[in-house]
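This report concerns only the one structure given below.
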Protein chains: 2
Amino acid sequence: MNDVNAGNSIPGTVAYRLGVLGTIAADRFAAAIDPLDLKPKHVGLMAALDANTGASQQDLATRLGVVPSLIVSLADHLERLGAIRRERDATDRRRQTLALTDQGRQLLTTCEQAATEVDATLTARLTPHQLQSLQEALAILATDTLPKNPLPTPPNP
Amino acid sequence: MNDVNAGNSIPGTVAYRLGVLGTIAADRFAAAIDPLDLKPKHVGLMAALDANTGASQQDLATRLGVVPSLIVSLADHLERLGAIRRERDATDRRRQTLALTDQGRQLLTTCEQAATEVDATLTARLTPHQLQSLQEALAILATDTLPKNPLPTPPNP
DNA sequence: TATTGTTATACTCTATAACTATA
DNA sequence: TATAGTTATAGAGTATAACAATA
C-alpha cells in the first residue's frame, strides 16, 4: 500500500535500506553517547576489549579493520578518560596490551543502556514477532559477513 | 551456539548491528558503482529525481537532509556525466529544476542491478523466509523512521 | 632487518559562511 | 529585503608515510 519505493527500485533494496538505516542508527547512538565524550568507534574498541582481553594495538587494528594509527588516537582518548590501561608486554617491550579498567567497564555498561534505548525507539513500531525476525536476520548477517569485527562508522557530521 | 555477542552486549543490539552492517552494505555498494564514477549519494540524488520529478535544488536539499551546497556539487558531477539536466524555472529565474535524462535513467538502472547483486551476496545465507522477514522489517523501519528521505552515507574511505 | 607503536601529513567528505543574481 | 544557487573556506575523520624503540 505504501510502497512507493518497493520492488527493485534502489530505495527498496536491502543494501540501500541497510545503508540508510545504519546511518540513522549510528547517528542516534552517537548522539546518545556524546555526553559521555565518546564516539561510536571508541565504544567499538571498548567492546572488543571486553570480549577479548589482552590484545595488542596491532592485533586490534587488524581485527577491527582499521589502521594502527587510528587505534592510537582512540586509545589515547580512552586512556585520558580512564577507561583503559596500556600495559607494556614484559617479554616483548614493543607491544602494548590494552585492558579495560573497572571504570571502562562501567562506561561500557552505560553505553549498553544507551544502545538499548536507541533500539527501543528504533523498533517501537515493530510487532514482537517482527522484532524477533529482524534480530534473527541481523544476527545471521552479522556472524556471516563479519569474520572480522569492523568498527561502526560514525556519521559524518 | 555461536552467540559470543548475543544478549544485551553492545555488539548484539539492533542499533550497533544496523550501524556495522549498514557500513558494510554501503561499502560494497560503493565499490560496485565506483566504475560508473558514482558515489552512493549521487545514486541517492538520482533516485530522488526518479521518484519525484521537477524539484528545485533547495527542495532536494531539505528533502534529502543535506545542505544546498552539497546538492550543487552532486548535481555538477551528474551533469558532467550527462545523467541530469538543469533547467531554469521560467517564472522564477533563480530556481533550477533538476531532471533525469534518458542516460541518467539508464545509469540508475545499472545501479539498481548493482544493488540487487550486493543484496544477493549479502543475504545469501538467509532462508527465503528469513529474507522476507528482514525485508518486511526493514521496510517498516524505513517508512517509519524516515519522513524525510535521507541520502545514504558513503563509507569514509 | 623486521615489527610495534607513534607522529606528521594528506585526503575525502560535508558543513558554514560569504557572494551573485534574481525576486 | 529575502531567496536560489554558487563559491570559498573550515572542520571532522581517517588513511598513508616517515620515524623511534625494540626485537
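A, B, ... follow the sequence lines: proteins, then strands. Residue 1 opens every chain.
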Inset, instruction - Could you check how far CZ of B:R93 sits from C1' of C:dT20, rounded to whole Å? - result: 14 Å
Inset, instruction - Send over the distance from B:L70 CG to D:dT7 P, rounded to a whole Å. - result: 14 Å
Legend entry - Results of side chain to side chain donor-acceptor pair (under 3.5 Å) for B:E87 - residues two or more places apart only: B:R85
Inset, instruction - Return the value, rounded to whole Å, for the distance between atom NE2 of B:H77 and atom C1' of C:dT14. - result: 16 Å
Legend entry - All side chain to side chain contact (heavy atoms under 4.5 Å, CB included) counterparts of A:D76, not counting sequence neighbours: A:V72, A:R80, A:R86
Legend entry - Gap separating the CD1 atom of A:I140 from the OG1 atom of B:T123, nearest 0.5 angstrom: 11.0 Å
Inset, instruction - Could you state the atom-to-atom distance from CG of A:L60 to P of D:dT14 in whole Å? - result: 16 Å
Between the protein and nucleotides 18-20 of chain D, are there any N/O to N/O pairs under 3.5 Å, and if so, what are the atom names and distances?
none

Legend entry - Partner set under side chain to side chain donor-acceptor pair (under 3.5 Å) for B:D50, not counting sequence neighbours: none
Inset, instruction - Using the test side chain to side chain contact (heavy atoms under 4.5 Å, CB included), find all partners of B:S133 that sit at least two apart in sequence or belong to another chain. - result: A:S133, B:H129
Inset, instruction - Could I get the full list of side chain to side chain contact (heavy atoms under 4.5 Å, CB included) partners for B:Q103, not counting sequence neighbours? - result: B:T101
Using a cutoff of under 3.5 Å, can you pull out all pairs of nitrogen or oxygen atoms linking the protein to nucleotides 2-6 of chain D, with atom names and distances?
{"unit_1": "D:dT3", "atom_1": "O4'", "unit_2": "B:R94", "atom_2": "NH1", "d": "3.3"}
{"unit_1": "D:dT3", "atom_1": "O2", "unit_2": "B:R94", "atom_2": "NH1", "d": "2.9"}
{"unit_1": "D:dA4", "atom_1": "O3'", "unit_2": "B:R94", "atom_2": "O", "d": "3.4"}
{"unit_1": "D:dG5", "atom_1": "OP1", "unit_2": "B:Q57", "atom_2": "N", "d": "3.2"}
{"unit_1": "D:dG5", "atom_1": "OP1", "unit_2": "B:Q96", "atom_2": "N", "d": "2.6"}
{"unit_1": "D:dG5", "atom_1": "OP1", "unit_2": "B:Q96", "atom_2": "O", "d": "3.0"}
{"unit_1": "D:dG5", "atom_1": "OP2", "unit_2": "B:Q57", "atom_2": "N", "d": "3.4"}
{"unit_1": "D:dG5", "atom_1": "OP2", "unit_2": "B:Q58", "atom_2": "N", "d": "2.6"}
{"unit_1": "D:dG5", "atom_1": "O3'", "unit_2": "B:Q96", "atom_2": "NE2", "d": "3.3"}
{"unit_1": "D:dT6", "atom_1": "OP1", "unit_2": "B:R86", "atom_2": "NE", "d": "3.4"}
{"unit_1": "D:dT6", "atom_1": "OP1", "unit_2": "B:Q96", "atom_2": "NE2", "d": "3.1"}
{"unit_1": "D:dT6", "atom_1": "OP2", "unit_2": "B:Q57", "atom_2": "OE1", "d": "3.1"}
{"unit_1": "D:dT6", "atom_1": "OP2", "unit_2": "B:Q57", "atom_2": "NE2", "d": "2.8"}
{"unit_1": "D:dT6", "atom_1": "OP2", "unit_2": "B:R86", "atom_2": "NH2", "d": "3.2"}

Inset, instruction - For B:L74 and C:dT14, give me the distance from atom CG to atom P, rounded to whole Å. - result: 8 Å
Inset, instruction - Provide, to the nearest angstrom, the distance between the CG atom belonging to B:L45 and the P atom belonging to C:dC13. - result: 16 Å
Legend entry - side chain to side chain donor-acceptor pair (under 3.5 Å) against B:E136, all qualifying residues, sequence neighbours excluded: A:Q130
Inset, instruction - Round to a whole Å and report the spacing from CG of B:D27 to P of D:dT14. - result: 13 Å
Inset, instruction - Verify the neighbour count for atom CZ of A:R93: are there more than 12 heavy atoms of other residues, nucleotides or ligands below 6.0 Å? - result: no
Inset, instruction - List in chain and number order the residues that pass side chain to side chain donor-acceptor pair (under 3.5 Å) with A:D37, two or more places apart in sequence or in another chain; answer none if no residue qualifies. - result: none
Inset, instruction - Hey, which sits more toward the 5' end of DNA chain D by its nearest nucleotide, A:T91 or A:S73? - result: A:S73
Legend entry - Spacing of A:L98 atom CG relative to C:dT4 atom C1', expressed in whole Å: 12 Å
Inset, instruction - Would you indicate, yes or no, if C:dC13 has its OP1 or OP2 atom less than 4.0 angstrom from a side-chain nitrogen or oxygen of B:K39? - result: yes
